Asks: 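Take a look at the following structure, please.
All values reported here derive from a predicted model rather than from experimental measurement. Remember, it's 1-based here, ligands and their atoms both numbered in the order they're listed. By convention here, the first residue in the shown sequence is residue 1.
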Amino acid sequence: MVAELDPIFKRLEAKKAELADRPMRKLFAEDAGRFDRFSVRLDDMLLDFSKNRLDKDAFATLIELAKAAGVAERRDAMFSGAIINSTEKRAVLHTALRNRANTPVIVDGKDVMPDVNEVLGRIRDFAEGIRSGKIASSTGAKFTDVVNIGIGGSDLGPAMATIALSPYWGNGPRLHYVSNVDGAHIADTLAGLDPKTTLFVVASKTFTTSETMTNAGTAREWIKQHLGEAAVGAHFCAVSTALDKVAAFGMDVKRAFGFWDWVGGRYSVWSAIGLPVAIAVGFDNFVAFLSGAHEVDNHFRTAPLEKNIPVILGLLGVWYRNVWGFSTHAVLPYDQRLSRFAAYLQQLDMESNGKGVRTDGTPVPRASGPIVWGEPGTNGQHAFYQLIHQGTDIIPADFLAAAVPHEQVGDHHAKLLSNVLAQTEALMLGKTVEEAAAELKKAGKSDADVAALAPHKAFPGNRPTNTILYRTLDPKTLGRLIAIYEHKVFVQGTIWGVNSYDQWGVELGKELANRLLPVLKGEAEPAASQDASTKGLVAAIKALQKD
Ligand SMILES: O=P(O)(O)OC[C@H]1O[C@](O)(CO)[C@@H](O)[C@@H]1O
């Protein structure tokens, strides 16, 4: 497959050379229809990708790349339940969790939809029971606080979505998320809580993750100390694919919500891992969230490649990563409630496509997943945008914004939107040294000052951005946004030939931490074979702990 892509990549290289003296400014001037040509709508969502280093030919060649890489065929294989997670021999079916059409999805000869619907029904009953107080604490009190204990995919999605959907919390309990094994995280969280009205959700796909099991143990002790052993059951529930391990941990399996091995951790917010979201915003809003993702699944499956939002975003990412050599990608939501969106996408993208070998075990011949990062605007403007505008690295960026805010506070939203538009315009247009000099002259600066300052005040421009505009950040829109990025990751993983659904790269650190734990607890000495740096650090820690 990769060999077949080489000639297309060669043509893309030639297109890049051609575009070198056709900056976006020029491309916009040449083509009055550029916005229409390079924008796509999905319901009330709009992707404007016209501010990219792209012309008709380059775009057509990228579409050829998607075709040659078999994006459509592999997409259909994924939706059909084929075992595309080859190293773990699993289907990849997070799409079944939000299959609101309820069409059969067959895994190992069995339709999984009845199980999916059964768990959804239990999520509804439990979430609504907690919200109404029908499911009460051991003291009979209504739960006021729910603490989700999980990490990675069992934390980032629900935590991000809970913040994103705060206008929908209503009278539900407050949600908290504890992930880090650093005791400070659980200590700070519990410090403000009343055990009598606190419910814990222990969320772990495997139910073996050290951080989560440690935090769950500490939470259980906390309830035991304050309310006694008998109260524990009423204050805990669990979400996992490993219900046997839930039972072994001493939790009531009747309060356990299952999911399946065909759901990757970073793709699991649609499963029972989304339980805290359903508790936070109510079940109907959770269903709207699923529906938004389902709508994108249908779009991804059926829209022609050149009108397909995840395909376009994926191809642009490959274009910049492989042909232009840009190594990072920024996600910049002008939507404060998406404050954790970039963190969420970091796991989604970097754990999926941060791979050096292809599915056949051979090295990936070109760069794979980029470094993904970002912060909400306008905050980022006063922090790192300097580098995006004038730095020596070029950082393709996605700008996200809602046309209609949840709350009309003075002219805040007009100001927010003026900033998002201004940023992508500035990045595209830039300002030449001549333009900067003319402005300085007009402001009355001396010739010497003009000459000295103009290079500092010039902007190279021609810096690529996408704008994703939507009406309002509601549950459906959030579902759409996440699904768009999930499928973008899929498109890129397919072109790079990697398995986007395993994560062996996290294992070595876990193994070594397990080996070092007894040493740090004073139960063993470092192995003689341990490297000198690690031994030195262990000794330094012990010395500091003695003082
Ligand atoms: O849900 P679990 O099994 O506790 O895993 C948590 C996270 O740990 C990882 O396996 C990485 O260590 C992620 O892929 C996963 O989302």
Asks: Just say parallel, tilted or perpendicular for the rings of Trp262 and Trp260, cut-offs at 30° and 60°.
Replies: parallel

Asks: For Ser154, take its heavy atoms, then give the atoms of ligand 1 lying under 4.0 Å from any of them.
Replies: 1 (O), 2 (P)

Asks: So which protein heavy atom does atom 3 (O) of ligand 1 come closest to, and at what separation?
Replies: Thr206 OG1, 2.6 Å

Asks: Counting each atom of ligand 1 from 1 as listed, which ones have a heavy atom of Thr209 under 4.0 Å away?
Replies: 2 (P), 3 (O), 4 (O), 5 (O)

Asks: List every atom of ligand 1 that sits less than 4.0 Å from any heavy atom of Ser204, numbering the atoms from 1 in the order shown and giving each element.
Replies: 1 (O), 2 (P), 3 (O), 4 (O)

Asks: Would you mind listing which atoms of ligand 1 come within a distance below 4.0 Å of any non-hydrogen atom of Gln503?
Replies: 14 (O)

Asks: Give, for atom OG of Ser138 and atom CG of Leu199, the distance between the pair rounded to the nearest 0.5 Å.
Replies: 11.0 Å

Asks: Can you list the steps and then say if Tyr485 with Tyr344 is a ring pair (Phe, Tyr, Trp, His ring centres under 6.0 Å)?
Replies: CA-CA 10 Å; Tyr485 280 95; Tyr344 171 77; 9.2 Å; no

Asks: If I take atom CD1 from residue Ile151 and atom CG from residue Leu156, how far apart are they, to the nearest 0.5 angstrom?
Replies: 8.5 Å

Asks: Salt bridge or not for Lys134 and Glu128, using N-O below 4.0 Å?
Replies: no

Asks: For atom 6 (C) of ligand 1, what is the closest protein heavy atom, and at what distance to 0.1 Å?
Replies: Ile151 O, 3.2 Å

Asks: Check this for me, if you would: do Arg90 and Asp502 make a salt bridge, where the nitrogen-to-carboxylate-oxygen distance has to be below 4.0 angstrom?
Replies: no

Asks: Using a 3.5 Å cut-off on N or O atoms only, is Gly153 in polar contact with ligand 1?
Replies: yes

Asks: Check each of Lys510, Glu351, Glu507 against atom 14 (O) of ligand 1 and report the one with the nearest heavy atom.
Replies: Glu351

